[in-house]
Amino acid sequence: MAHQHPNKKKVVNRLSRIIGHMEAIKKMVEDDRNCNEVLIQISAVKSALNNTGKLILTDHLNHCVKEAVEDGDMEQLEAFEKALDQYIR
């Protein structure tokens with residue numbers, strides 16, 4: 001279902017920061033930085049990615065899933081169930 005989500009700009013900005021952070025981690029590894037430092041930075045990226053996923057999930061629930069329920073679109077609801085299962089694994 002393609003349409004604008006209210007937090008699209010926030011999500012894109014967060015993903016850009018995450019990509020930049022990952023590039024910095026890659027450089028840390030290339031520069032033989034301390035493994036503890038690298039692991040801490042990876043943890044920060046995981047947290048940022050999880051928070052971005054939560055923002056996308058909130059948008060999806062408030063728009064796509066809500067519309068699917070209102071329209072009785074079982075196919076869309078089943079697709080959401082599969083996506084959610086993958087996300088929370």
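Worth knowing before you read on, the calculation uses all heavy atoms, side chains too, and leaves out hydrogens, waters and symmetry mates.
The hydrophobic cluster containing Val45 also contains Val29, counting ILVMFWY residues as joined when their side-chain heavy atoms lie under 4.5 angstrom apart, directly or transitively. Cluster membership check: Val65 shares its hydrophobic cluster with Met74, using side-chain heavy-atom separations under 4.5 Å among Ile, Leu, Val, Met, Phe, Trp and Tyr.
To the nearest 0.5 Å, the span separating NZ on Lys54 from CG on Asn7 amounts to 14.5 Å. Interatomic distance, Met28 CE to Ile40 CD1, rounded to the nearest 0.5 Å: 8.5 Å. To the nearest 0.5 angstrom, Glu67 atom CD is 11.0 Å from Asn62 atom CG. In this structure, NE2 on His60 lies 13.5 Å from CG on Leu55, to the nearest 0.5 angstrom. One finds the CG atom of Leu39 at 8.5 Å from the CG atom of Asn34 (value rounded to the nearest 0.5 Å). Taking CD1 of Ile25 as the start and NE2 of His21 as the end, the distance is 4.5 Å to the nearest 0.5 Å.
Judged by distance alone, with hydrogens and angles left aside, the side-chain atoms of Asp59 form no donor-acceptor pair with the main-chain N or O of His5 at under 3.5 Å. Between the Ser47 side chain and the Ser43 main chain, no donor and acceptor come within less than 3.5 Å of each other.
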Show, in sequence, the C-alpha distance, side-chain angles and deciding distance for Asn13 and Arg17, and conclude whether the side-chain contact (heavy atoms from CB on, under 4.5 Å) test is met. CA-CA 6 Å; Asn13 289 340; Arg17 283 194 304 274; 4.0 Å; yes
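Proximity of Leu15 to Val11: side-chain heavy atoms (C-beta onward) are separated by under 4.5 Å at one or more points. Within the 4.5 Å cutoff, the side chain of Glu81 has no heavy atoms near those of the Leu77 side chain.
Residue Glu75 places its CD atom among 12 or fewer non-hydrogen atoms of other residues, nucleotides or ligands, all under 6.0 Å distant.
Of all non-hydrogen atoms in Phe80 and Leu61, the two that sit nearest each other are CZ-CD2, 3.6 Å.
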